Engineer: 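Below are the structure tokens for one structure; questions will follow.
If you're wondering where the values come from, they're calculated on a predicted model, not measured in any experiment. Chain naming here is simple, since letters A, B, ... match the order of the sequence lines and numbering starts at 1 in each.
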Number of protein chains: 2
Amino acid sequence: MARMSELTDSCVELVADCRLRAATDLFAHTWDPVVLMALRPGPRRRRELRAAIGGLSDKVLTEALRRLCAHGLVERHSFAQAPPRVEYALTRLGHSLVDGPMKALGDWTRKHGDELLDAQEHAARTLPAPPRPR
Amino acid sequence: MARMSELTDSCVELVADCRLRAATDLFAHTWDPVVLMALRPGPRRRRELRAAIGGLSDKVLTEALRRLCAHGLVERHSFAQAPPRVEYALTRLGHSLVDGPMKALGDWTRKHGDELLDAQEHAARTLPAPPRPR
DNA sequence: CGCGTTACGTACCGATCGGTACGTGGAGAA
DNA sequence: TTCTCCACGTACCGATCGGTACGTAACGCG
């Protein structure tokens, strides 16, 4: 199947509305939501982002920022300075996403996180036969 | 980097809280959110799900359902009948996710969907040089 | 004139994802 | 008996993802 970005308009069937797919695709890449969150307090430089977020490679950060820019969630400001200085900041759209749905997700996880772990353990105990996907 | 499911406890750094990562991982697989949405009205059988959702393969549905079951979001009920009858339904936890964060995401997309598309087109116009990631 | 800093780009690689195609087991229908 | 239905399981495959390693262009500093 083609990537969803090519289907955002041609939603034939799907459940409620395929717009949901377009939205969940924003979370599809591992680090994109994290970068978004890291940008919440204010504009940041690449270095600062890499430091704030632990464990993501330089390349992946670049890709994430490019995607987020392309989606209009993040803006890039480059300053003509000695060592190049580039800052990334949330756009209005980006803020609306972070403060809306992403906050909702965070709140949900905070409330049901333990429940989620319990459920996983329970599942692991009750159906241990199959070779454990993932 | 290891899969996030192995890191849900050992969150060293990350931004706000790594729980967010555990949550976004629930959306990591393409069809999982769609299946969740399809289950919202009530219990469904595999066939019904495949029919309601268009374009996902049999195998992927199975995998999605297994994951969702393993996460405690969906329950499996099998009936001892002539042609095997198996129904899948949202658990309480699943309902809380769908009616909470996922609804928020859906609402956001409904409000900002056009804005998102506009931003994408704008980005495509202003920075056409790189070989178009994705 | 090297050296360090910053923000990238490029090459390559193993793991995973989603897809197609096909097989299986048991019960009812033809 | 053979066919069909249903819910899977298995094998294989191409595309993508994220990671490591390394190169580059421009500038300031000692």
Engineer: Sequence neighbours excluded, which residues qualify as salt bridge (charged side-chain N to carboxylate O under 4.0 Å, His left out) partners of B/Asp99?
Structural biologist: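 Partners of B/Asp99 by the salt bridge (charged side-chain N to carboxylate O under 4.0 Å, His left out) criterion, ordered by chain and then number, come out as B/Arg40.
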
Engineer: List the atom pairs, donor and acceptor, that lie under 3.5 Å between side-chain atoms in residues 47-55 of chain B and the rest of the protein, sequence neighbours left out.
Structural biologist:
from    : atom 1 : to      : atom 2 : distance (Å)
B/Glu48 : OE1    : B/Arg45 : N      : 2.9

Engineer: From CD of B/Glu63 over to P of C/dC17, roughly how many Å is that when rounded to an integer?
Structural biologist: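 After rounding, the gap between these two atoms is 8 Å.
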
Engineer: In this structure, how many angstroms lie between the P atom of C/dT16 and the CG atom of B/Asp25, rounded?
Structural biologist: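 Between P of C/dT16 and CG of B/Asp25: 13 Å.
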
Engineer: Take the protein atom NZ of B/Lys59 and the nucleotide atom C1' of C/dA21, then report the distance between them rounded to whole Å.
Structural biologist: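 Rounding to the nearest Å, NZ of B/Lys59 and C1' of C/dA21 are 11 Å apart.
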
Engineer: Between A/Arg50 (CZ) and D/dG18 (P), how many Å, whole number?
Structural biologist: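 Spelled out: CZ on A/Arg50 to P on D/dG18 is 15 Å.
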
Engineer: If you pin A/Gln81 and A/Ser57 to their nearest nucleotides in DNA chain D, which one's is more 5'?
Structural biologist: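 Going by which nucleotide is closer to the 5' end, it is A/Ser57.
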
Engineer: Got a sec, which residues hit salt bridge (charged side-chain N to carboxylate O under 4.0 Å, His left out) with A/Lys59, two or more places apart in sequence or on another chain?
Structural biologist: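 A/Glu63.
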
Engineer: Rounded to the Å, how far apart are B/Leu61 CG and C/dC17 C1'?
Structural biologist: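 Atom-to-atom, B/Leu61 to C/dC17, this comes out as 15 Å.
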
Engineer: How would you list, by chain and number, every residue that makes a salt bridge (charged side-chain N to carboxylate O under 4.0 Å, His left out) with A/Arg44, sequence neighbours excluded?
Structural biologist: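 By the salt bridge (charged side-chain N to carboxylate O under 4.0 Å, His left out) rule, A/Arg44 matches no residue at all.
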
Engineer: Evaluate the side-chain proximity of A/Arg46 to A/Thr62: yes if any heavy-atom separation is below 4.5 Å, no if none is.
Structural biologist: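 Yes, close enough: below the 4.5 Å cut-off.
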
Engineer: Return the polar atom pairs (N/O with N/O) between nucleotides 4-8 of chain C and the protein under 3.5 Å, or none.
Structural biologist:
from  : atom 1 : to      : atom 2 : distance (Å)
C/dT6 : OP2    : A/Arg47 : NH1    : 2.1
C/dT6 : O3'    : A/Arg45 : NH2    : 3.2
C/dT6 : O3'    : A/Pro84 : O      : 3.0
C/dA7 : OP1    : A/Arg45 : NE     : 3.1
C/dA7 : OP1    : A/Arg45 : NH2    : 3.2
C/dC8 : OP1    : A/Arg76 : NH1    : 2.7
C/dC8 : OP2    : A/Arg76 : NH1    : 3.2
C/dC8 : OP2    : A/Tyr88 : OH     : 2.4
C/dC8 : O5'    : A/Arg46 : NH1    : 3.3
C/dC8 : N4     : A/Asp58 : OD2    : 3.3

Engineer: Identify all side-chain donor-acceptor contacts of residues 74-88 of chain A below 3.5 Å with residues at least two apart in sequence or on another chain.
Structural biologist:
from    : atom 1 : to      : atom 2 : distance (Å)
A/Arg85 : NH2    : A/Glu87 : OE2    : 2.9

